[in-house]
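Below is one structure, written out as structure tokens; the observations come after it.
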Amino acid sequence: MVLRSTLFVMLAIAVANGCATRAAPEAEAIRAGYRTDPTERLFVPSVQAACAPPDGWSMEPLKQSKNHTHQVWLSPTGSTAYGVIRFSLPLPVGPETVLYFFLREMRNSEGEARLISKRRDPALKGLRFVAEGGKYTVRTNLTTKGFRGWAIYAGTRRDREILPSELAMAELARENTETGVDANSAAAKP
């Protein structure tokens with residue numbers, strides 16, 4: 001609940017304005033019982049995305065403001081989250097600009113924000129970054145398209161042990177999320 005609220009606040013201000021996925025998480029997630037069949041993705045109109053939440057994770061109530069919507073799924077332990085944030089931009093800016101505001105808001109809401117790593121990914125057409133705040137570590141894919149953007153993340157609480165199987169499921173869900181789609185195009189994709 002707190003993770004969802006904090007991430008909501010982090011991007012709410014940013015929009016008023018990665019860590020590379022390893023092959024291992026997919027295998028680990030499959031062993032943990034995660035459904036990887038892309039036809040099982042769930043179209044979530046509020047975030048304009050075909051989402052791939054792990055089996056058994058709870059969908060939290062949608063958070064939204066004038067400029068963003070944020071859907072999150074929590075693991076059964078509550079230690080790990082998979083989330084999709086769709087936000088509006090005042091100008092068509094790139095992920096580098098949005099990242100600056102993301103980190104600024106993380107610092108405001110959590111007291112600190114450290115960019116652990118970032119890299120441009122041509123396949124993603126955006127940034128992959130890992131950031132650590134006072135309470136959370138987020139492994140995020142950040143993309144923009146015109147006046148819209150998305151932050152898809154696998155998040156863990158810093159005050160709890162990282163559960164590798166949960167993190168692997170959240171990372172796989174993040175990688176299997178398709179943004180900027182509508183119900184028809186999401187259903188048509190294999």
Side-chain angles (χ1 to χ4, degrees), residues 1-8 10-12 14-15 18-22 25-26 28-30 32-65 67-89 95 98 102 121 123-130 136-146 148-157 163 165-190:
M1 201 94 158
V2 174
L3 176 62
R4 180 187 70 220
S5 297
T6 300
L7 288 172
F8 154 79
M10 287 175 6
L11 267 181
V15 299
C19 173
T21 300
R22 309 169 307 270
E26 183 167 346
E28 191 173 333
I30 291 168
Y34 177 76
R35 297 178 303 185
T36 58
D37 182 352
T39 62
E40 294 186 44
R41 288 190 293 186
L42 168 68
F43 176 66
V44 181
S46 57
V47 292
Q48 294 178 337
C51 302
D55 220 8
W57 288 37
S58 61
M59 185 178 196
E60 296 291 299
L62 182 71
K63 291 290 188 183
Q64 57 188 355
S65 73
N67 295 319
H68 93 288
T69 54
H70 181 183
Q71 186 61 64
V72 67
W73 288 265
L74 287 179
S75 68
T77 66
S79 296
T80 311
Y82 153 63
V84 179
I85 304 168
R86 185 186 74 64
F87 48 91
S88 301
L89 297 165
V98 174
F102 185 98
D121 183 341
L124 179 66
K125 296 181 183 166
L127 289 178
R128 293 180 185 274
F129 72 90
V130 177
Y136 307 104
T137 300
V138 290
R139 299 145 190 91
T140 307
N141 290 354
L142 184 63
T143 60
T144 60
K145 183 177 183 181
R148 299 177 298 166
W150 290 267
I152 301 101
Y153 64 87
T156 52
R157 291 180 50 151
L163 303 173
S165 63
E166 284 188 3
L167 179 55
M169 286 187 274
E171 288 178 327
L172 187 57
R174 178 194 65 205
E175 295 308 309
N176 283 324
T177 301
E178 183 180 4
T179 59
V181 297
D182 59 29
N184 294 329
S185 61
K189 303 227 181 202

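Both backbone and side-chain heavy atoms feed into the values below; hydrogens, waters and symmetry mates do not.
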Sequence-distant partners of Ser75, side chain to side chain contact (heavy atoms under 4.5 Å, CB included), two or more places apart: Trp57, Thr77, Thr80, Glu166
Check: Thr140/Arg174 side-chain N/O donor and acceptor closer than 3.5 Å: no
Looking at Gly83, is its backbone amide N or carbonyl O close enough to the side chain of Gln71 to form a donor-acceptor pair, meaning the two atoms are under 3.5 Å apart? no
Below 4.5 Å, heavy atoms only, C-beta onward: do Leu142 and Tyr153 meet side chain to side chain? no
So, taking the atom named CD in Glu171 and the one named OG1 in Thr156, what distance separates them when rounded to the nearest 0.5 Å? 9.0 Å
Does the side chain of Thr144 come within less than 4.5 Å of Val98's, by heavy atoms? yes
Out of curiosity, Leu167 CG to Thr137 OG1, how far, rounded to the nearest 0.5 Å? 9.5 Å
Rounded to the nearest 0.5 Å, what separation is found between the CD atom of Gln64 and the NE2 atom of His70? 12.0 Å
State, with a plain yes or no, whether a side-chain heavy atom of Val138 is found less than 4.5 Å away from one of Phe102. yes
What pair of heavy atoms forms the shortest contact from Gly56 to Pro76, and how long is it? O-CG, 3.8 Å
Nearest 0.5 Å, please: how far is OG1 in Thr143 from CG in Asp121? 11.0 Å
CZ/Arg86 to OG1/Thr179 distance, rounded to the nearest 0.5 angstrom? 10.5 Å
Before giving the answer on side chain to side chain contact (heavy atoms under 4.5 Å, CB included), spell out for Tyr82 and Thr177 the whole-Å C-alpha distance, their side-chain angles and the decisive distance to 0.1 Å. CA-CA 10 Å; Tyr82 153 63; Thr177 301; 2.5 Å; yes
Provide the closest heavy-atom pair for Gly126 versus Pro95 in the form atom of the first, atom of the second, distance. CA-CG, 4.0 Å
Is there a side-chain contact between Met169 and Asp55, using heavy atoms and a 4.5 Å cut-off? no
Is a donor on one side and an acceptor on the other found under 3.5 Å between the side chain of Arg148 and the backbone of Gln48? no
Between Ala81 and Ala170, the two heavy atoms sitting closest are O-CB, 3.8 Å
Whether Thr69 side chain and Ser46 backbone form a donor-acceptor pair below 3.5 Å: yes
Close side-chain approach of Trp73 to Cys51, heavy-atom, < 4.5 Å: yes
